[in-house]
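In what follows, a structure is listed as structure tokens, so that the remarks can point back to it.
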Amino acid sequence: RFADDFKNKAGHSVVAYKLNFSYLRANDWEADNYGPISDSTNNVIFPLSNDNPGGLNAVNIYGDEYSITNNGTDFNSSSGLNVFHRKGYQERDIVDYNTRNIKAGATVHIRTKPSQDYESPELIIGSNFGYGTTVYQGDNRFSLRGIQFFQHKIEFRKKDKYFIRAYATHEDAGDSYDPYFTAQKMVEASGTNDSWQRAYEDYWSQNKVAQQLRNLGMSQDNMQQWQRDNKGVLDQFHKEAQAYASSKNRIFNLQDFYVPGTARYDSLFNVITSRKNNSTENGTRFFDRSALFHLHGEYKFTSDFFKEITVGANGRMYRPNTAGTIFKDETERITNSEFGVYGGASKQFGDFTASLAARLDKNQNFDFLFSPAGSIVWKPSENNYFRASFSSAIRNPTLSDQYLDLDVGPARLLGNLTGFDSLILLDNFNKYRKNPQTPFVDKFIAPIRPERVRTFEVGYRTTLFEKLFIDASYYYNIYNDFIGYQIGVKIPTKKEPFFDGSLDSFVNRQFTSLEVFRIAANSDKIVNSQGFAIGLNYYFSKYYSLNGNYSYNNLVTNIDDDIIPAFNTPRNKYNLGISGRDIPISGINTLGFNVNYKWIEGFIFEGSPQFTGLVPTYDLVDAQVNYTLPKQNLTVKVGASNLLNNLQFQTYGGPRIGRMAYLTVTYDFKSKI
């Protein structure tokens with residue numbers, strides 16, 4: 001980082017500039033959770049996925065996902081086949097864990113009235129650039145390769161008075177791709193799932209164990225017990241069936257499994273990940289040349305009655321360009337714009353300060369939305385503050401909520417501007433699987449609507465004994481039209497040619513063409529959340545302090561609400577720490593340190609169907625020590641996050657995060673002027 005300024009003859013700064021550059025390279029932690037996903041489909045004979053001779057759907061193995069056609073438990077139970085899974089690929093076979101990141105920025109500041117120094121109006125022109133390769137987790141796991149970001153900004157402002165700023169952001173996804181979908185395409189390149197299933201069942205039907213079970217004519221209970229007692233035999237035959245179905249076979253039109261590390265594998269992988277993830281190219285690469293344009297202005301007034309009046313307005317235009325690989329823009333470009341105006345005022349009445357504010361927002365796809373707010377702060381004595389507030393806000397559906405169209409393999413993630421008809425929710429579908437007499441209930445998912453929230457908050461802040469600082473607050477939120485997801489299936493109707501009206505046809509053929517969707521949707525119920533937080537700092541010496549904070553957050557939905565909220569927040573968490581700063585050591589040199597303990601309660605992380613599950617409770621310790629030598633313009637810092645190397649998940653489907661230790665040496669090139 002380098003910064004300097006130019007002064008005029010009167011000694012006032014006229015122009016200043018700042019340059020930033022950073023480069024990072026690292027070997028990232030690997031996602032290697034090979035346990036079963038949280039909602040694995042099991043069977044009555046081997047209810048634990050880890051014990052199932054036919055394999056499991058592992059969190060970080062892709063291509064091994066469960067298919068209802070790979071389940072012989074209900075319809076062919078006497079054979080011992082039960083649930084079986086296809087061989088997939090570990091994430092380490094599909095992604096590049098060698099993280100690389102570049103950040104650069106340049107900014108110029110020009111004072112239009114240099115004689116006013118800090119009070120001078122200022123023109124700011126700047127640009128930032130980012131480039132990187134890493135693995136990212138959002139709705140799915142994504143491999144970002146060569147992704148680029150550009151942001152350009154121009155702003156004119158006067159400190160604490162007004163500003164008007166405009167910026168534009170452009171991005172380029174480079175060679176980024178979906179590793180989960182890539183693995184599925186790699187698997188299916190050696191043969192369709194239907195061909196693989198038929199080969200697997202063909203081998204199984206010929207083995208002596210299956211023939212013996214059929215010939216014994218045992219009762220259902222005895223047959224199931226025999227399978228439990230002879231699990232080792234079943235393990236071996238499933239292993240042989242897996243190898244048979246994963247080898248070249250002309251009868252079932254199968255090719256050999258593509259083995260990682262071979263030239264054959266690399267060639268196919270490069271073909272799949274170089275083609276766009278759309279209906280035209282049928283690959284897994286993301287194309288993203290999207291842009292965002294933003295304009296924002298604000299002005300602050302003072303008057304005899306009000307302490308301060310603020311007015312402002314902002315507008316934004318989104319121009320996604322994903323060629324159908326992320327959004328519904330394969331044939332027609334999307335433009336989405338929105339704007340808002342707001343105003344607020346504050347007034348002091350003795351020991352009370354009252355504030356009022358309001359905002360009006362409009363997105364091109366939704367109606368005008370009004371959101372007022374107000375607060376009052378009471379200061380009964382020095383260092384004691386009570387506050388209470390009411391606020392309302394809106395959240396317009398994001399571009400993803402409106403336009404997303406992302407195929408992630410076993411499910412298709414969709415935005416929802418126009419509504420979605422005839423979705424059968426998973427709960428209803430699962431009931432049918434257990435009892436085919438259960439009727440299907442088609443549900444219409446209404447078009448996505450803006451989310452509205454009303455918040456009530458109270459808080460208290462004080463300093464006791466001139467050493468103990470306390471800040472506590474409580475909030476309660478009331479959501480209308482809470483935005484989440486609905487997951488369900490669409491199935492062929494009787495009008496489709498391959499459905500002959502019989503139950504056997506429906507079970508054995510119709511399910512092979514099920515489509516699973518995750519649809520952006522609003523809750524039909526009122527959703528509430530509440531939380532409490534308290535922070536304490538105790539300065540027990542001139543240089544030392546103890547600190548701690550605790551927070552509680554809970555989202556409450558109606559028990560019969562089938563919305564998936566994706567709250568992804570722990571209910572309880574706290575920090576405890578001790579720190580020291582500017583401790584004199586040998587003259588003017590100083591020492592500082594910080595040790596912090598964190599505890600986070602486990603929570604449900606909701607992403608795509610593959611990456612929804614429990615993040616277990618975890619704790620960790622961060623620590624650092626720094627030593628400053630002012631005469632040498634030098635600061636040395638050594639420390640570590642997760643000092644005790646407590647490997648833990650922070651997102652479901654992500655890697656276990658361990659210790660990262662660091663040594664930092666900073667030299668400040670101070671001007672000699």
Side-chain angles (χ1 to χ4, degrees), residues 124-128 130 138-139 147-157 162-173 278 286-299 310-344 357-373 392-406 413-420 445-453 480-485 519-522:
I124 305 170
I125 303 172
S127 289
N128 292 289
D139 289 325
I147 192 167
Q148 300 180 66
F149 294 94
F150 303 86
Q151 186 177 78
H152 311 293
K153 168 187 166 182
I154 182 168
E155 178 177 0
F156 186 67
R157 71 182 184 187
Y162 61 79
F163 69 79
I164 181 168
R165 66 172 67 107
Y167 63 83
T169 300
H170 301 267
E171 58 190 66
D172 185 340
N278 58 21
F286 297 119
F287 177 89
D288 189 4
R289 301 279 177 85
S290 300
L292 178 155
F293 304 94
H294 185 90
L295 179 65
H296 186 188
E298 182 178 286
Y299 196 92
T310 302
V311 295
N314 65 277
R316 176 173 290 187
M317 183 175 70
Y318 301 93
R319 286 286 285 163
N321 180 14
T322 70
T325 65
I326 302 173
F327 296 123
K328 300 174 183 177
D329 61 351
E330 186 170 2
T331 59
E332 185 176 354
R333 189 81 181 269
I334 295 170
T335 297
N336 186 266
S337 59
E338 59 187 21
F339 70 89
V341 295
Y342 61 91
R359 182 178 177 96
L360 187 67
D361 285 277
K362 177 70 173 75
N363 182 285
Q364 72 176 49
N365 292 325
F366 308 103
D367 295 332
F368 280 95
L369 294 169
F370 179 68
S371 48
S392 58
I394 60 98
R395 178 162 72 107
N396 276 317
T398 64
L399 288 183
S400 293
D401 294 329
Q402 298 181 57
Y403 302 105
L404 185 67
D405 189 354
L406 181 60
L413 315 184
L414 294 179
N416 182 21
L417 263 182
T418 59
F420 193 92
I445 308 300
I448 196 75
R449 305 181 298 276
E451 177 183 289
R452 295 170 293 151
V453 61
N480 291 89
D481 299 323
F482 187 90
I483 294 176
Y485 307 108
I519 313 295
N522 299 93

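We're numbering straight along the sequence, starting at 1. Side chains included, hydrogens not; waters and symmetry mates left out as well; all remaining heavy atoms used.
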Of all the heavy-atom pairs spanning Phe150 and His152, show the shortest one and how long it is.
CB-NE2, 4.1 Å

What is the distance from atom CZ of Arg157 to atom CD1 of Ile124, rounded to the nearest 0.5 Å?
3.5 Å

Please find the pair of heavy atoms, one from Ala520 and one from Ile445, that lie closest to each other, and give the distance.
O-CG2, 4.3 Å

Rounded to the nearest 0.5 Å, what's the gap from CG on Leu292 to CG on Asn336? Could you check?
10.0 Å

Distance-only, no hydrogens or angles: does the Gln402 side chain make a donor-acceptor pair with backbone N or O of Leu417 under 3.5 Å?
no

Look only at the side chain of Asn278 and the backbone of Ala323, and say whether a donor-acceptor pair between them is shorter than 3.5 Å.
yes

Give a yes or no on whether the backbone of Ile483 and the side-chain of Glu451 come within a donor-acceptor separation of less than 3.5 Å.
yes

For Asp367 and Lys362, work out which heavy atoms get closest and say how close.
C-CD, 3.8 Å

How long is the span from the OG atom in Ser290 to the CG atom in Leu399, to the nearest 0.5 Å?
8.0 Å

Between Phe293 and His170, is the ring centre distance below 6.0 Å?
yes

Just wondering, do Asn321 and Phe287 contact through their side chains at under 4.5 Å, heavy atoms?
yes

At what distance, to the nearest 0.5 angstrom, does CD1 of Ile164 lie from CZ of Phe156?
10.0 Å

Tyr403 and side chain to side chain donor-acceptor pair (under 3.5 Å): which partner among Asp329, Asn365, Thr322?
Asn365

Any sub-3.5 Å donor-acceptor pair from Arg333's side-chain atoms to Pro320's backbone N or O?
yes

Using the side chain to side chain contact (heavy atoms under 4.5 Å, CB included) criterion, which residues pair with Asp405? Sequence neighbours excluded.
Lys328, Arg412, Leu414

Tell me if the aromatic rings of His294 and Tyr167 count as close, with their centers under 6.0 Å from one another.
yes

Value for CD1 (Ile519) from CZ (Phe420), rounded to nearest 0.5 Å, stands at 4.0 Å

Gly297 and Tyr342: which non-hydrogen atoms are nearest, and at how many Å?
O-OH, 4.0 Å

Kindly write out the residues that satisfy side chain to side chain contact (heavy atoms under 4.5 Å, CB included) with Ser392, not counting sequence neighbours, or none if the list is empty.
Ser371, Pro372, Phe390, Arg454

Pair Arg359, Asn314: side-chain N/O donor-acceptor within cut-off below 3.5 Å
yes

Closest non-hydrogen atoms of Ile448 and Asp401, given as atom of the first, atom of the second and distance, are CG2-O, 4.0 Å

Kindly compute the distance separating CZ (Arg316) from CG (Asn363), expressed to the nearest 0.5 Å.
11.5 Å

Please enumerate all residues that pass side chain to side chain contact (heavy atoms under 4.5 Å, CB included) together with Phe149, with sequence neighbours excluded.
Ile147, Glu171

